Amino acid sequence: MSVDDSPVRLQAVAAPDQPDVTPDLERLYRGFEEELLVPLWTQIGDLMPAHPRSQAVPHLWKWEALRKLAEQAGDLVPVGRGGERRAIALANPALGGRPFATPTLWAAIQYLLPGEDAPEHRHTQHAFRFVVEGSGVWTVVGGDPVPMNRGDFLPQAGWNWHAHHNATAEPMAWIDGLDIPFQYLTETQFFEFGRDQISAEERDTPRRSRSERLWGHPGLRPLAAQHLTAGSPLLAYKWEFTDRALADQLALEREGHGGTVEPGHAAVRYTNPADGRDALPTIRTEFHRVVRGADTAPVRETGSSVYQVFDGAGIVTVGDTKWSVTRGDLFVVPSWAPFSVKSEASSTDSDSGALDLFRFSDSPIFEALQLDRKEVAR
Ligand code: GTQ
Ligand code: FE2
């Protein structure tokens with residue numbers, strides 16, 4: 001990730017721990033170049049830094065700007081076979097113009113007009129949807145139509161067939177998160193087109209998916225269910241449950257029974273009800289609520305995150321960068337960059353009085369490889 005694509009041009013340099021720059025040394029370095037060899041001593045600072053030095057930079061995308069451009073794309077760009085999705089990705093300004101929010105994570109706004117279908121396909125990339133506003137689209141995963149409403153989180157592990165279907169008279173926007181950059185870098189991707197049209201039954205618009213009816217009961221595992229595929233069998237985590245979990249944590253804290261990660265900061269992780277692990281194999285997903293006036297301790301972690309403001313407003317600090325954020329805004333926290341927030345009222349918000357943040361990260365990858373590290377300053 002930190003190795004750039006241009007061939008290495010070896011420079012003999014004068015430095016205290018380096019040999020004198022002589023014609024012999026120059027010849028040695030030209031010899032290395034001809035044989036495509038690179039000596040460690042010229043690269044060690046970049047290849048083996050004392051701590052992660054991310055190529056990605058902190059960056060903020062304002063929801064209003066994204067939404068407006070997605071609407072324009074809706075007017076001008078059809079959705080169909082080939083392009084597959086009207087999804088517009090966040091491109092970190094330090095990642096060479098690639099559609100990568102971070103070195104491992106894809107984040108995009110997707111937009112579907114009334115009556116439109118995004119055709120069926122499947123891929124090894126693990127994915128999710130998160131809804132910050134609107135409703136009316138059903139994502140059909142493995143033949144199961146799953147409604148999408150504000151606050152809902154919908155994981156969809158790799159290799160599941162999926163299509164999206166707008167069954168209402170309103171356009172809808174939502175965000176997608178995928179591990180596209182990670183699989184691009186590790187060269188592990190497969191992709192297949194599905195049917196051009198989904199069936200009439202798959203165009204159903206139930207209030208709850210079959211997956212929720214089977215797996216969506218806290219602490220109750222269906223005995224009949226075989227769950228053999230990767231990732232969560234529960235295809236939607238509805239807002240009412242997330243909201244209640246966070247409200248309960250804060251109420252417990254007020255009553256003196258703990259429950260929060262730090263004062264005024266409630267948080268949950270979306271987990272797989274079949275095994276208690278992350279809802280997706282490569283992507284961790286969380287929801288954080290910081291009550292108005294509270295701030296969080298600066299944290300830095302290996303691996304990168306993308307956040308979306310779900311509600312409220314506040315000040316976000318990532319390393320030396322500070323932003324005012326409001327509903328829908330998306331921002332990136334690079335590996336090992338210290339991150340903290342302060343929940344503050346803004347002139348425009350009309351909310352519950354807390355800063356609500358949806359977060360996704362690549363932590364499961366690094367936990368599996370025992371490369372996870374975390375420091376909390378406070
Ligand atoms: O909705 O299936 O943003 O396959 C990128 C790739 C969305 C999707 C994206 C995808 C999808
Ligand atoms: Fe897809």
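The structure presented is a predicted model; accordingly, all values stated were derived computationally and were not measured. In each ligand, atom 1 is the first atom listed, and ligand 1 is the first ligand listed. Residue indices begin at 1 and follow the sequence shown.
- Between F358 and Y307, the ring center distance fails the sub-6.0 Å criterion.
- Counting heavy atoms from C-beta outward, V131 and N149 have side chains that stay 4.5 Å or more apart.
- A salt bridge links E120 to R195: one of the charged nitrogens lies within less than 4.0 Å of a carboxylate oxygen.
- The protein heavy atom nearest to atom 5 (C) of ligand 1 is W106 NE1, 3.6 Å.
- Considering all non-hydrogen atoms of both residues, L214 and P222 come closest at O-CG, 3.4 Å.
- Geometric assessment of R150 against the ring of F310 yields a positive cation-pi assignment under the 6.0 Å and 45° thresholds.
- Protein heavy atom in closest approach to atom 1 (O) of ligand 1: H164 NE2, 2.7 Å.
- A distance of 6.0 Å or more separates the ring centres of W323 and H59.
- Neither the backbone nor the side chain of E84 comes within contact range of ligand 1; no heavy atom lies under 4.0 Å.
- Within ligand 1, counting atoms from 1 as listed, the ones closer than 4.0 Å to a heavy atom of A108 are 3 (O).
- A salt bridge is defined here as a Lys NZ or Arg NE, NH1 or NH2 lying under 4.0 Å from an Asp or Glu carboxylate O, and R244 with E240 meets this definition.
- Classification of R30 and E33 as a salt-bridged pair holds, one side-chain N sitting under 4.0 Å from a carboxylate O.
- Neighbouring protein atoms of the Fe ion (ligand 2) (N, O or S, distance under 2.8 Å, waters ignored): H121 NE2, H123 NE2, H162 NE2.
- When hydrogens are left out, the protein atom nearest atom 11 (C) of ligand 1 is R85 CG, 3.7 Å; that is the closest non-hydrogen contact.
- For ligand 1, the atoms lying closer than 4.0 Å to a non-hydrogen atom of L178 are 3 (O), 5 (C), 6 (C), 9 (C).
- When I175, D176, I180 are ranked by how near their heavy atoms come to atom 7 (C) of ligand 1, first place goes to D176.
- At least one side-chain heavy atom of Y184 sits under 4.5 Å from a side-chain heavy atom of F100.
- Neither the backbone nor the side chain of Q125 comes within 4.0 Å of ligand 1, counting heavy atoms alone.
- Here is the list of ligand 1 atoms found below 4.0 Å of a heavy atom in H121: 2 (O), 4 (O).
- By the 4.0 Å N-to-carboxylate-O rule, D362 lies too far from R284 to be salt-bridged with it.
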